[in-house]
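Each chain gets a letter, A, B and so on, in the order its sequence line appears, and its residues count up from 1.
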Amino acid sequence: MAFDETKHDYKVIGTRPVRPDGIDKVTGRALYGADLSAPGMLTAAILRSPHAHAKIVKIDTSKAEAMAGVKAVVTSRDFGLPEDQDLRDTQDNCMARDKVLYDGHAVAAVAAINAQVAKAALKAIEVEYEKLPHVIDVDDAMKGDAPLVLEGRALETVPEGWSQNVTNYCEFGHGDLDDGFARADLIVERSFKTGATHQGYIEPHACLASMGPDGRGELWCCTQGQYMVREVCAGIMEIEASQLKVTPSEIGGGFGGKTTVFIEPVALALSRKAGRPVKLVMTREEVFRASGPTIHSSTDVKIGMTKDGTITAARADLRYSGGCYPNGTCEMGAQAAFAPYDLKAVRTYGWNALTNRPKEISYRAPGAPTAIYAVESVVDEMCQKLGLDPVDVRLKNAADKGTKSSYGVTFEDIGLKATLEAAKAHPHYTAPLGPNQGRGLSCGFWFNFGGNASVTLSVNTDGTVNVTEGNPDIGGSRASISMIAAEELGIGYDRVRTIVADTTSIGHSDTTDGSRVTFTVGLATIKAARDAKTKMCARAAALWGIDPEAVEWVDGAAQPSGPNAGKFPPMSLAEIAAVSFQTGGPIAGHHESNADGAGVSFGVHLCDIEVDPETGASKVVRYTVFQDAGKAIHPDYVEGQLQGGAVQGIGWALNEEYIYGEDGILQNPGFLDYRVPVASDLPPIDTVILEVPNPGHPYGVRGVGETSIVPPLAAIANAMSRGAGVRLTQLPMSPPRVLSALMAKG
Amino acid sequence: MVKVTIMGALRHAIDGKAEVEVEASTFKELIDKLSAEYPGLKPQIDRGVSLAVDGRIYREAWLTPIGEAREVVLMPYMKGG
Amino acid sequence: MKSIPVSTTVNGDAVDFVCAPGETLLDALRNRLSLTGAKEGCGTGDCGACSVTLNGRLVCSCLVLAAEAEGAEVGTVEGMADHDKLHVLQQSFLDHAALQCGICTPGILVASKALLEENPEPTDEEVRYWLAGNLCRCTGYDKIVRAVQDAAAKMRSA
């Protein structure tokens, strides 16, 4: 039988069923990283550097090892030296080798019979440091005389003349900038700085490791990718991937922060040495000091515009620091910066510089929010100066199908104009504002990715279906995958159960990142279901004694494809499944592939804020998100992504920031001082989902998870400029910064 | 022959040009030939690149046909959160 | 230091355990009684993921000593459902998709239940201020507030 590539009449897609893992999560039964225990289990703890930058002269663990109840102590000496540079950096980040590169860098770890003994043992470890000068700010780090975090790590693409801290350089764009700026009636050039933020997942990193002296091990952990954990840990532990079984727990938030390892190799090494299972859970302070913040940035943007609002030329220079190891996040920022615009002349330049901060790891659309914040702030300022409507100016310059993007790729069907028009038509856009209130908007963008996925779909003899997949469910994906399987098979949602498997139960799947799961795993599920349908049609054909090609699948049943095929009553999935043992054996469909065709996603956010002129405190009073989802499989969880991303962006804009002292020590490693938005800070977050189908997916699905964190930064800055008359060029726009801007304005 | 747009930071390796023409029918052939003909591109290719073919981004998909493509863009290896 | 024996009531069941003098109620619930529904998100009373009730009062169990549970009544998320019947709030959170990752959900459910016992008809603002001690990083709180309000309406008309 053949299948139409696209599908439009849906029975399950677009409905809002209850998620299959829901009851476990509202009753406290769901097991997260720290919730599993094992017989004979030890408790581990990690000793961390109190210095921003120091040479490790000596580590003496003998007193700790001699303590009653201490079963193993490890330092970098207990790990090999991986050949691969990225792997070596990851390992060095898990356990410092020669130098500590940031406040909180791990130097030793202990496994003991309980947490109290483990903590006491950490105090008994003697570390001799030789303090080195440190550098925290990206602009300082790029200067020729800056203290060097690491040496010899600059890629060949970095031009000469920079500090060795500059490791990455990139450049994108097209057209003649000089000519473009010459044609402009107004040119605005501004510089911006943004603080580093943390993903802020509520569940600290946690794992339970069990490893024998023969190199076989098991690992239970909260991660966005069990296969990633397996490859990285096997590499660091110098064992074969097949010998390490990694089971992903339920995951208590990730947002990109759980796409690498921080503690897992340490727990495995302790377990190997102690010969017992080891549980290792980070404290919140450790999460802030030693797990994935974002880059912090310093950006210059220059835009030329004619009086009617046409952008004639645009340039951005993005200086990012992803902490103490090289990373390429500046590349994504430089590609995303002007993505919403159709520009004849555009250039973006990106640098990454090393600083004595923790290793950056992805956070929702990594690199994009800070770049687009700077661009969208300047565009808004130009609209104000020229007296133009901010939506009209964006519509006038908006990227569309056929636009050659600033990063070189020509767009297929995209939904930017649709979201802008929806924003303009929405009552929010013209609603009256109160005193001290302002309204701002910003566009946002993310690439979205496909990648590898493996899916097995087993048809049970009672007519139900199990879907086995390999991507941790971080926000309702098991519901979406079950819905897709039900839709394809023509059966009820309640007939499908989807599980996320460990690394030994199904083939490789890439990490849950890049807004890829509903797109990629969904695509693999569609294909696995079609594989199963082909097999079920063949079973029916065999029973009817007709050619399998003469059977088609309609409404959950095999039926002869036309009058010439023969006259047989349809056989439902349940009927075929019931006799599967008698007609050839169990039936399963499967699909494994590296998917392409993930469509980019655009969004527009509209927000009203109120600024207290006495204190500089600002409050978001109304917020509406418009985003193109391509096709919303489960609209509740699409809305949830839009709302959650918007609120993380609001936190980035108004409060969240890594604050360092002169000594290079992180001053706010806790939720009291690193303040994420709480319920009383926020209004309802309204959402409008647009559906401009992605031509690369049979249902038109686009990833939705990341774009939503991109627009809030500029939307709020723009609202503040219009409401309070001050344009802040540094994030977060915390009350003291806003107040001093208000006072400077007078 | 397919025309490949090369990202700015790598243009020093292709004599300052923005595009190169390569005889290649797949992603794999393309990166092999680019590495051979322009050794300055090899370190980036070895670190990982993505390829956009007529607007779609591919990561690591060596067998992707590009012979008929209107537009091929070499990009850094892309990652997300 | 000597361990302390504690006799207490958890979700209506009489239980005994021994704990270290400095041990938190959260650790005792999780590690000694295998009630892992309450989560440790911060250990400093800032995130509310460990919310339980102690003699009817909403507390962060990471800030309460296990020994303080002596003779008290402790309520956790595991005690919200009545056998196979979910609490109205639990069902409402499912129906409104008021959770994504679910790690904050036990604490928010316990806190919401305490709110509605004190104030059966809260305004949205009262819900938001009551839950200001419970961090959720996934949802932006919008669907949580709707779920609580819908549950409150159902409980009032029950």
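Both the backbone and the side chain of A/Val678 come within contact range of chain C, judged by heavy atoms closer than 4.5 Å. With a 4.5 Å cut-off on non-hydrogen atoms, A/Glu203 touches chain C through its backbone and its side chain both. Both the backbone and the side chain of A/Ile202 come within contact range of chain C, with heavy atoms under 4.5 Å apart. Of the atoms belonging to C/Tyr129, heavy atoms from both backbone and side chain fall under 4.5 Å from chain A. For A/Ile474, the part lying under 4.5 angstrom from a heavy atom of chain C is the backbone only. Proximity to chain C is absent for every atom of A/Ile650, based on heavy atoms less than 4.5 angstrom apart. Residue contact with chain C, scored on non-hydrogen atoms closer than 4.5 Å, is absent for A/Ser37. Interface residue A/Ala30: only backbone heavy atoms are found under 4.5 Å from chain C. For A/Pro17, no part lies under 4.5 angstrom from a heavy atom of chain C. Contact annotation for C/Ala132: both backbone and side-chain heavy atoms come within less than 4.5 Å of a heavy atom of chain A. Interface remark: C/Thr44 contributes no atoms to any contact with chain A (heavy atom separation under 4.5 Å). With a 4.5 angstrom heavy-atom cutoff, A/Gln199 touches chain C only via backbone atoms. The part of C/Leu86 that comes within reach of chain A is its side chain, from C-beta onward, which places non-hydrogen atoms under 4.5 angstrom from that chain. Looking at C/Leu135, the atoms closer than 4.5 Å to chain A (heavy atoms on both sides) sit in the backbone and in the side chain alike.
Contacts with chain A were tallied for C/Met80, C/Glu125, C/Arg30, C/His96; C/Arg30 has the most, counting heavy-atom pairs under 4.5 Å.
Taking the side chain as every heavy atom from C-beta outward, C/Leu116 and C/Glu121 never approach each other to under 4.5 Å.
Looking at C/Lys143 and A/Glu639, a side-chain N of the basic residue comes within less than 4.0 Å of a carboxylate O on the acidic one, giving a salt bridge. Using a 4.0 Å cut-off between charged side-chain N and carboxylate O, C/Asp124 and C/Arg146 make no salt bridge. A salt bridge links C/Asp150 and C/Lys154; the closest N-O separation between the charged side-chain nitrogens and carboxylate oxygens is under 4.0 Å.
Two rings, from A/Phe626 and A/His605, have their centers 6.0 Å or more apart.
Between A/Tyr674 and A/Phe288, the angle of the ring planes lies from 30° to 60°, which puts this pair in the tilted group.
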- Message: Test side chain to side chain contact (heavy atoms under 4.5 Å, CB included) on C/Cys19 and C/Val6; report intermediate values, then the result.
- Response: CA-CA 7 Å; C/Cys19 64; C/Val6 176; 3.9 Å; yes
- Please step through side chain to side chain contact (heavy atoms under 4.5 Å, CB included) for the pair C/Leu25 and C/Leu65, ending with a clear verdict. CA-CA 5 Å; C/Leu25 175 59; C/Leu65 290 171; over 6 Å; no
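Cation-pi geometry between C/Lys39 and A/Tyr32 is not satisfied (NZ or CZ under 6.0 Å from the ring centre, within 45° of the ring normal).
A donor atom on one side chain and an acceptor atom on the other are found under 3.5 Å apart for C/Asn11 and C/Thr76.
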